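Everything numeric here is computed off the predicted structure, so don't read it as measured data. Naming convention: chains lettered A, B, ... in sequence-line order (proteins, then strands); numbering from 1 in each chain.
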Amino acid sequence: MSLIVSYEVTENVLIVRLVGELDHHEAEQLREEWAHKIYATGIKHIIVNLQDLTFMDSSGLGVLIGRYKEVLQLGGEMLVCHVNPFIERLFELSGLFKIVRLAENEKQALHTLGVAS
Amino acid sequence: MSLIVSYEVTENVLIVRLVGELDHHEAEQLREEWAHKIYATGIKHIIVNLQDLTFMDSSGLGVLIGRYKEVLQLGGEMLVCHVNPFIERLFELSGLFKIVRLAENEKQALHTLGVAS
Amino acid sequence: MTNEMFLQFSSISDNEAFARVAVSAFITPLDPTIDELNEIKTVVSEVVTNSIIHGYNNEPDHFITVQCLINNQSEIELTITDEGVGIENIEQAKEPLYTSKPELERSGMGFTIISSFMDDVEIISEPTKGTTVRMIKQLAKHKTVSKS
Amino acid sequence: MTNEMFLQFSSISDNEAFARVAVSAFITPLDPTIDELNEIKTVVSEVVTNSIIHGYNNEPDHFITVQCLINNQSEIELTITDEGVGIENIEQAKEPLYTSKPELERSGMGFTIISSFMDDVEIISEPTKGTTVRMIKQLAKHKTVSKS
Ligand SMILES: Nc1ncnc2c1ncn2[C@@H]1O[C@H](COP(=O)(O)OP(=O)(O)O)[C@@H](O)[C@H]1O
Ligand SMILES: Nc1ncnc2c1ncn2[C@@H]1O[C@H](COP(=O)(O)OP(=O)(O)O)[C@@H](O)[C@H]1O
């Protein structure tokens, strides 16, 4: 019923894995923690793994867009992977794919970013 | 969220497997179906397998007691197996173990009833 | 801080599972143990079922209300009300094995289970007016006296 | 037969998940598809979140109500109400990407998602009085005109 987040840094990429439900209640905490990780680790790109995200609404979109803007400032980009069909519909609807690229999995996403894993 | 029931007859024993939640809503249908099985199959004893029963309340107790009374009329008995700690507490509280015997699994229950499986 | 919810629904048996899930979901942020959650689900099921069967004689066009208060992040106060036939003799109703509807295979164990699973139970009922069952449960990890 | 429920709860973000689960559990007997269930959960989440953040400015001591009607075993009518600040300009509020609270990282996509997931959406709001969002969704297998 709630959200569990784990972070991993590979070279200049922050991999964020979201497990559970991402709504407004969870978004508030995630936002702070995630923004802190970006600056504390000195990364440039972000890969978001949504494999075990069972729910997401527009508050979740807001957090993704907020972090996208941060890496954009750092000259980096954001990729999402393991997007289930329902979340893919949300992303389509909201135009998120205009700014965030889709990858199948973390490995492919790292490859796209030019990082060998 | 609802109840799935399967029946198996071994010699003169009716094995009833309850999967899901047994409340008043489910109890009404179960009662009819189960009572019908008892007479349609000509069995004498009942083994109730509760391995995958995730919820039960006093309406469920009522159904068990009702079927116990039926096999008692037939000179048989009732055993329950795979009783989880919470349902065991319900059975203790309600004195069900005074009339229904506990077994670990179906095999042990059949053995108790003198049926080789 | 107090968190509060009030729920009202049609007196049909489909809503027994609904009421259990709704109350469970409401208290989930308190992080109850599996046993505590099962106890709460069971008492909700018992009281709501009684309102449907006894209070409203299985008539589907009435309403049942469930109120749940969370006090001090640890105490659950549950109040379930119907405006049904009411209980003539509350002492008799509370007796283990007593049921007014043996033909429906009622076990008569509802109130016994409720008393055993909740810390405090109050039954307020008046014939032809309806029945309110008010229950309190303190979650274990916040209990001042440890149960061990 | 009509099944009906009415739910009222404190305006705190813990209750967003609660409201989703409660509505899901209520409509479960209709056997909705996974997509339909996700759509309903999402719109409940959007509207309840808006009442908390926008309607009540994140103040925890107000109430939100959710009413759900099931008509003909197939049509879901959801009405969510707050007595908060209300919406000045409803047309503007409905525009994709419009948000009055960009500082909270709102995406402004709530109403766009709601319109896309429900068959009919009505927003009734008056400044200082509050907001009601009434939505209707017909479940697919009962649709007279097939979507395919
Ligand atoms: N909401 C109610 N309205 C009217 N009568 C009730 C209500 N709840 C309980 N009762 C009465 O109390 C009796 C005992 O209830 P309970 O212990 O739950 O057993 P059971 O439901 O198995 O009969 C019922 O048989 C009924 O006569
Ligand atoms: N319940 C409400 N009370 C007051 N204003 C609201 C309410 N719901 C929506 N609004 C207004 O409508 C705008 C658009 O809502 P929405 O599309 O959900 O986007 P977001 O919540 O991301 O801002 C909000 O920014 C707010 O100004």
Side-chain angles (χ1 to χ4, degrees), chain A residues 1-4 16 18-36 38 46 48 50 52-73 78 80 83-100, chain D residues 9-25 32-56 58 60 64 93 95-118:
Chain A
M1 206 98 84
S2 52
L3 186 74
I4 296 163
V16 183
L18 302 178
V19 176
E21 308 201 329
L22 175 50
D23 61 6
H24 159 248
H25 179 70
E26 299 295 339
E28 306 234 297
Q29 208 187 320
L30 173 63
R31 171 196 187 176
E32 267 183 52
E33 195 182 89
W34 190 349
H36 177 257
I38 291 176
I46 291 177
V48 192
L50 302 176
D52 297 306
L53 195 71
T54 54
F55 178 82
M56 178 171 163
D57 61 15
S58 80
S59 302
L61 287 173
V63 184
L64 291 194
I65 295 167
R67 303 299 73 67
Y68 162 76
K69 288 180 180 164
E70 288 170 347
V71 286
L72 193 70
Q73 291 289 320
M78 180 184 277
V80 289
V83 180
N84 75 38
F86 189 79
I87 294 180
E88 194 167 336
R89 258 176 81 199
L90 269 190
F91 288 178
E92 298 273 6
L93 246 173
S94 60
L96 196 80
F97 287 132
K98 286 178 202 147
I99 55 175
V100 169
Chain D
F9 49 86
S10 305
S11 54
I12 68 177
S13 64
D14 272 325
N15 291 335
E16 293 157 4
F18 161 60
R20 290 198 297 274
V21 174
V23 174
S24 304
T33 65
I34 306 258
D35 267 353
E36 288 169 336
L37 204 57
N38 274 327
E39 287 160 357
I40 296 278
K41 278 162 96 168
T42 306
V43 304
V44 169
S45 209
E46 296 297 344
V47 183
V48 168
T49 298
N50 278 350
S51 292
I52 292 174
I53 298 180
H54 302 299
Y56 293 130
N58 272 311
I64 296 162
E95 275 167 27
L97 302 176
Y98 172 77
T99 179
S100 55
K101 299 218 163 148
E103 73 282 9
L104 293 184
E105 291 197 342
R106 305 300 302 158
S107 63
M109 292 306 297
F111 280 131
T112 307
I113 290 169
I114 294 162
S115 307
S116 159
F117 287 179
M118 302 299 276

Which distance, rounded to the nearest 0.5 Å, do you find between the CG of D/L104 and the CD of A/E28?
7.0 Å
Interface moiety of A/L90 toward chain D, non-hydrogen atoms closer than 4.5 Å:
side chain
Under the side chain to side chain contact (heavy atoms under 4.5 Å, CB included) criterion, do A/D57 and D/I113 qualify, and how do the steps go?
CA-CA 9 Å; A/D57 61 15; D/I113 290 169; over 6 Å; no
Walk me through it: do A/R89 and D/F117 pass the test side chain to side chain contact (heavy atoms under 4.5 Å, CB included)?
CA-CA 10 Å; A/R89 258 176 81 199; D/F117 287 179; 3.3 Å; yes
Among D/I12, D/T42, D/T49, D/N38, who wins on heavy-atom pairs under 4.5 Å with chain A?
D/N38
For the residue pair D/S107 and A/S58, what are the closest heavy atoms and their distance?
OG-O, 3.1 Å
If you tally heavy-atom pairs under 4.5 Å against chain A, which of D/R106, D/M109, D/K41, D/E105 wins?
D/E105
First locate atom OG1 of D/T112, then atom CG of A/L61, and finally report the distance between them rounded to the nearest 0.5 Å.
10.5 Å
Separation between CD (A/Q29) and OG (D/S13), nearest 0.5 Å, reads 10.5 Å
Shortest non-hydrogen contact from A/F55 toward D/R20:
CZ-CD, 3.4 Å
Are more than 12 heavy atoms from other residues, nucleotides or ligands located less than 6.0 Å from atom NZ of D/K101?
yes
Residue part contacting chain A, namely of D/I53, when any heavy atom lies under 4.5 Å
side chain
Tell me, side chain or backbone of D/N50 under 4.5 Å from chain A's heavy atoms, or both, or neither?
neither
Is it true that, when you exclude A/E32 itself, more than 12 heavy atoms of the residues, nucleotides or ligands shown sit nearer than 6.0 Å to its CD?
no
What residue in A/G62, A/G60, A/A27 has the most heavy-atom pairs under 4.5 Å with chain D?
A/G62
Please name the pair of heavy atoms, one in A/D23 and one in D/A17, separated by the smallest distance, quoted to 0.1 Å.
OD2-N, 4.0 Å
Would D/E16 and A/H24 count as having a side-chain donor-acceptor pair, cut-off 3.5 Å?
yes
